[in-house]
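Remarks on the structure that follows.
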There are 2 protein chains.
Amino acid sequence: MPDGIGGAERRRVTLDEVARDAGVSRSTVSLVLRDSPLVAEGTRERVRASMEALGYVYNRGAANLRASRTNTVGLLVCDVSNPFFAELTAGIDEVLDGAGVSTFLVNTNESPEKQERSLQRMREQNVDGVILCPASGSSPDLVERLRRWGMPLVQALRYVSARDGDYAGSDYQLGMEMITEHLIRLGHRRIALVGGNLVHSALSDRRTGFTNAMRRHGLAPDLIVRSPLNRRASAEAVGALLDRADPPTAAIGFNDIVAFGMMLGLTDRGLEAGCDFAVAGFDDVPEAALSRPALTTVSTLPFQIGQEAAQLLLRRIVDPNGSPERVILPTRLIIRESCGAAPRRERGLTRG
Amino acid sequence: MPDGIGGAERRRVTLDEVARDAGVSRSTVSLVLRDSPLVAEGTRERVRASMEALGYVYNRGAANLRASRTNTVGLLVCDVSNPFFAELTAGIDEVLDGAGVSTFLVNTNESPEKQERSLQRMREQNVDGVILCPASGSSPDLVERLRRWGMPLVQALRYVSARDGDYAGSDYQLGMEMITEHLIRLGHRRIALVGGNLVHSALSDRRTGFTNAMRRHGLAPDLIVRSPLNRRASAEAVGALLDRADPPTAAIGFNDIVAFGMMLGLTDRGLEAGCDFAVAGFDDVPEAALSRPALTTVSTLPFQIGQEAAQLLLRRIVDPNGSPERVILPTRLIIRESCGAAPRRERGLTRG
DNA sequence: GAGCAGTTTTGGATCGATCCAATATTTCCA
DNA sequence: TGGAAATATTGGATCGATCCAAAACTGCTC
């Protein structure tokens, strides 16, 4: 029995065999593989034909061992099933795949330990670089350690230290200032900021923006509610706010999901966002335009952040000692109905 | 200048150096690395100490070249930013990461061409196996081709051929039968199935389930609407249904997103789901319990499907010639308010 | 047809681990 | 105490590519 049941155990065709078949040397075949301009047109065709005929499959593992680059990178996100990270992932995939780079994905679940293990593993895999959304509670020397490893690193969406290393994200602080200013302009004086129970830059940047805008108008930024980023908790949070002795008249969600949850909480009390209470979101997910009332929010473009992060990493891999870049995409205020500013949409489907 | 600016270009410490430092052979160090029971306790500790002292980093690339397994797998999903695929991805990551396997992620965007290129690349990377959600329009001989490559393959959520190869998914057909039966039991006679404009098994299975249930009760399954899987299109679709000469009294969405869109379409016409028209969803996303009215739907557990798919792939890698398995998770009918069956929820937050 | 520049091609060393058959060491019992 | 069995350790070959310096070809000019 030459082959075992099933016969799947085919031996791999190597460069040497292709070379023999084409009547050239292994080195020449290698050059053809890498599209080197050194090899003559006729030879190239002959080699290509042999590869085809023998069913040659390139062995990246073997190449990686010798070559300096592996054309692989690591991507560590905190929670893929959060649509925001998922969009980011899609943007990254688009750019990296286009550049012929394969991506190792890890879902850290906000666990610094899993993040640590995964980074170590990425290093063992010899990836050319890493894109990291640091888990809440990441050690602050993380960037420095990766630098010592000689491992190109781009942080995305969040950063461990505001002054260190490459980063791609949105201007959360400015975005939050804009939406807060918008509410103040509409006459609100008691405004709450709801959502977020972990510690990371994306949260503190928003808090800073909120606090800055409030203080600028002599208002107290005292209604900051720490709560999980889901609908139910947010609905409960808005209820607690309304039960206060000094209830707010408006609330900004950490993100759109929180805002939707708050609208739900209002509905359950017989109140309506945009009429009885102003609700604002953050991120502008597709659903924001389609909620009733449509959500006033701030767009943050996670897909584009992903693209930027990937491009930045590719640059850093080529030029490891270039000076760090911080790509901050602008945010945009999207005024719809939930803060009561825009005219009520008439019945029927209009563009949100 | 011994080190260049930045000094990141550290040479790698190899097994040989560790061996020299520990006063043993390279082979012994290799055995320690792989936790072989062959090596004596004292030796093991001495080697470990040397690895620590020299800052040794395992080189998986080198190991992969020689060893038969690479402990990497490929994961090809159609659309990571679809929460359903994202949950699947999270489930897969959990199991594979736990097994010490790294995952290459590719987002195929429903493009058979990108899928093809990516599979080829996975093959070149020498992955131990692949988990694939086949893109709509995948060639039917895909499974056979991977088999010829000797590449373990598990299809997830969708399959190219109903009779071929390993697969993990939900029982879409039965789920759809259950929800259709539910509506019929409530007295509905004209029922529509809305959403889905691509061709793949997850869609055709649902159609089959719907058709079967309708026929079983002598009803015509003629209201099958092909439309994109987003809210806006679904809202428009329900409008078109209501404008018909023979409008339905109930509609089932391909998934919950479609159902939410239909509820939106009803709202915009001044109608309410659960009172004036029955709306059912499919998947039971977290939001389903929190919509108003709460959505009656079918749970399909994508995270668990991911776990099952990953476990199945690991089994298949160990035993490539084992007979194919099809892991079909049961679906469950979740009755809430949107079909008018359950008593209306009183005001206030109750468990959905 | 020698010399030279430019273009192609080549063989051997190398990357850093695993595999394997052989050898060295220890243990244990007759 | 001799020797078989069990336990530890080892060196050389190997995986399949890339790198590099040298060699072999061109074509051209004088």
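A note on names: the letters A, B, ... follow the listed sequences, proteins ahead of strands, and every chain is numbered from 1. Remember, predicted model here, so these are calculated numbers, not experimental data.
- A cation-pi arrangement is absent between B:Arg12 and B:Tyr56 under the rule of less than 6.0 angstrom and at most 45 degrees off the ring axis.
- Salt-bridge annotation for B:Glu17 and B:Arg20: absent, with no side-chain N of the basic residue lying under 4.0 Å from a carboxylate O of the acidic one.
- The side chain of A:Ala63 sits closest to D:dT18 out of C:dT18, C:dC15, D:dT18.
- Here D:dT14 presents its P atom at 20 Å from CG of B:Asn64, a figure rounded to the nearest Å.
- In terms of position along DNA chain D, the nucleotide closest to B:Glu41 lies nearer the 5' end than the nucleotide closest to the other residue of the pair B:Glu41 and A:Ala67.
- Among the heavy atoms of the strands lying under 4.0 Å from A:Arg26 is at least one base atom, whether or not backbone atoms are also near.
- Under 4.0 angstrom from either OP1 or OP2 of C:dT10 there lies at least one side-chain N or O belonging to A:Thr28.
- Here B:Lys114 pairs with A:Asp93 in a salt bridge; the nearest charged N to carboxylate O distance falls below 4.0 Å.
- Closest to the side chain of B:Ser27, from the set D:dG12, D:dA17, C:dG16, is D:dG12.
- Straight-line distance from the CG atom of B:Asn126 to the C1' atom of C:dA17: 15 Å, rounded to whole Å.
- Across all strands, A:Thr14 comes closer than 4.0 Å only to sugar-phosphate atoms, never to a base (heavy-atom distances).
- The residue among B:Ala62 and B:Val24 whose nearest nucleotide of DNA chain D lies closer to the 5′ end is B:Val24.
- Side-chain proximity of A:Leu31 to C:dT10, D:dT9, C:dT8: nearest is C:dT10.
- Per the geometry, CG belonging to A:Asp16 stands 14 Å off C1' belonging to C:dA13, to the nearest Å.
- Between the P atom of C:dT14 and the CG atom of A:Leu15 lies a distance of 19 Å, rounded to the nearest Å.
- Within the structure, every side-chain polar atom (N or O) of B:Arg12 is placed at least 4.0 Å from both OP1 and OP2 of C:dC15.
- The nearest whole Å value for the distance from the CZ atom in A:Arg66 to the C1' atom in C:dT14 is 4 Å.
- Atom pair B:Asn59:CG and C:dC15:P shows a separation of 12 Å (rounding to whole Å applied).
- Across all strands shown, B:Arg60 has no heavy atoms under 4.0 Å from either base or sugar-phosphate atoms.
- A salt bridge between B:Asp97 and A:Arg117 is present, with a side-chain N of the basic residue lying under 4.0 Å from a carboxylate O of the acidic one.
- Inspection of the B:Ser50 and B:Arg46 side chains reveals no N or O donor paired with an N or O acceptor under 3.5 Å.
- Put simply, CG on A:Asn71 is 11 Å from P on D:dT18, counting in whole angstrom units.
- What separates CG of A:Leu38 from P of D:dC19 is a distance of 13 Å, to the nearest Å.
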